[in-house]
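Whatever order the structure lists ligands and atoms in, that order sets their numbers, starting from 1. Not measured: the values here are computed from a predicted model.
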Amino acid sequence: MDSNDNTPPVDAAYEKAQAQEWRHALDATSDHRAAGIASDPTEIAVVAEPVLAGVGAAAVAVTADLDAPPPPRQHIADPRDLAIAIRGLRVSYGSSEILHGVDLDAPRGGVLALVGPSGCGKTTLLRSLNRLTELAPTAKIDGKVLLDSDDIYGPKVDLNLLRRRVGMVFQQPNPFPMSIFDNVAFAIREQAHRRPTRTSLMPQVEHALERAGLWHEVKDDLNRSALSMSGGQQQRLCIARTLAADPEVLLMDEPCSALDPRSTARIEELIVQLAGSLTVVIVTHNLAQARRIADYAAFLLNGDLIEQGPAEQIFETPREQSTRDFVAGIFG
Ligand SMILES: Nc1ncnc2c1ncn2[C@@H]1O[C@H](COP(=O)(O)OP(=O)(O)O)[C@@H](O)[C@H]1O
Ligand SMILES: [Mg+2]
């Protein structure tokens with residue numbers, strides 16, 4: 001079993017940051033909502049050579065060998081069109097290097113699954129894609145993470161804007177202690193220059209809840225406390241809250257590990273539906289889940305990216321012995 005129990009400092013720091021943002025958002029005098037500037041137009045965009053292109057991966061790779069057939073794919077992600085290109089990413093906590101120079105592609109509109117044994121650095125890698133890793137006091141990060149060819153570690157990056165463009169859903173559902181409506185409206189209010197009326201927010205709130213597959217369950221009860229929902233609903237609400245910011249990339253760190261099988265199936269279905277309109281990078285310890293939903297997969301071991309490619313290739317015909325052993329369940 002994998003878990004994030006070994007990373008409380010990061011979670012605590014992130015939750016504190018979120019709580020601070022929340023207070024700012026409710027403060028009408030706050031000026032931090034002014035739209036950010038992500039990149040300097042004079043900077044030259046870096047165009048990454050796709051790592052995956054050499055793999056010859058055009059086909060969607062969903063393996064229907066498990067209990068339920070995977071939902072039909074609407075979209076085939078082109079491995080040469082990258083939403084995210086990670087190049088030479090090194091992360092250390094104190095004197096201990098956790099990621100040893102990772103190169104990884106996330107094709108636009110695809111579902112990329114990160115798999116590997118517990119402690120290999122999956123969460124660290126995922127959190128480095130929207131700069132949450134650096135909330136850990138001892139973290140040191142080197143290398144590039146190109147989001148649409150702009151390095152998120154470059155100068156003048158607006159972190160609030162980055163974290164809206166690259167949203168994150170955590171292992172434990174973490175709705176804010178407020179109503180369903182206010183949870184979803186949170187990011188929209190935060191981006192608005194003037195406090196919008198509830199009526200004006202409704203279409204966006206409805207759209208985000210629709211995309212998260214929750215609207216029909218909650219539409220008559222939007223004032224209910226989010227904390228009174230079931231775990232599966234809370235996780236879909238967290239997805240809706242993230243979607244309300246209209247992200248280009250959705251990061252998910254074992255989003256189903258606290259959920260029952262039925263709620264897990266709902267979220268898997270949702271991820272497949274969302275692919276295409278955005279790019280999903282998901283960490284999962286559940287290989288069956290990765291096979292069901294991913295079109296690309298990457299295997300990480302002791303901080304090294306061992307192998308990446310179309311999910312079918314990684315799971316059915318891995319090139320490396322360690323990947324073969326891992327997918328065969330010999331370790332992990
Ligand atoms: N904030 C932190 N401070 C120090 N070490 C950390 C921190 N977060 C993670 N680690 C260490 O980094 C390694 C990789 O952890 P993690 O990225 O959570 O792996 P995974 O998600 O694959 O289980 C582990 O050895 C873990 O103990
Ligand atoms: Mg983890």
Given the rule that I, L, V, M, F, W and Y join up when any side-chain heavy atoms are under 4.5 Å apart, are I330 and V115 in one cluster?
-> no
Treating Ile, Leu, Val, Met, Phe, Trp and Tyr as nodes and any side-chain heavy-atom pair under 4.5 angstrom as an edge, say whether L259 and L227 lie in one connected cluster.
-> no
Just distances here: any N/O of T124 and N/O of ligand 1 closer than 3.5 Å?
->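 Indeed, backbone or side chain, T124 has an N or O that close.
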Are R241 and F186 in a cation-pi setup, meaning NZ or CZ lies under 6.0 angstrom from the ring centre and within 45 degrees of the ring axis?
->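 No; the conditions do not both hold, so R241 does not lie above the ring face of F186.
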Non-hydrogen atoms of S118 versus ligand 1: any pair closer than 4.0 Å?
-> yes
Ligand-residue contact atoms, ligand 1 with I98, heavy atoms, under 4.0 Å |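 Here the atoms of ligand 1 in question are 12 (O), 13 (C), 14 (C).
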Numbering the atoms of ligand 1 from 1, which are under 4.0 Å from a heavy atom of A136?
->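 Counting from 1, the qualifying ligand atoms are 1 (N).
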Part of T123 with heavy atoms under 4.0 Å of ligand 1, whether side chain, backbone, both or neither = both
Do any of the N/O/S atoms of Q171, backbone or side chain, fall under 2.8 Å from the Mg ion (ligand 2)?
->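 Here the distance criterion (N, O or S atom, under 2.8 Å) is not met by Q171, so no.
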Which ILVMFWY residues are connected to F181, directly or by a chain of links, through side-chain heavy atoms under 4.5 Å apart?
-> I180, V184, I188, L201, M202, V205, L209, L214, W215, V218, L222, M229, L237
The complete set of salt bridge (charged side-chain N to carboxylate O under 4.0 Å, His left out) pairs with one or both residues in residues 201-212, sequence neighbours excluded, reads none
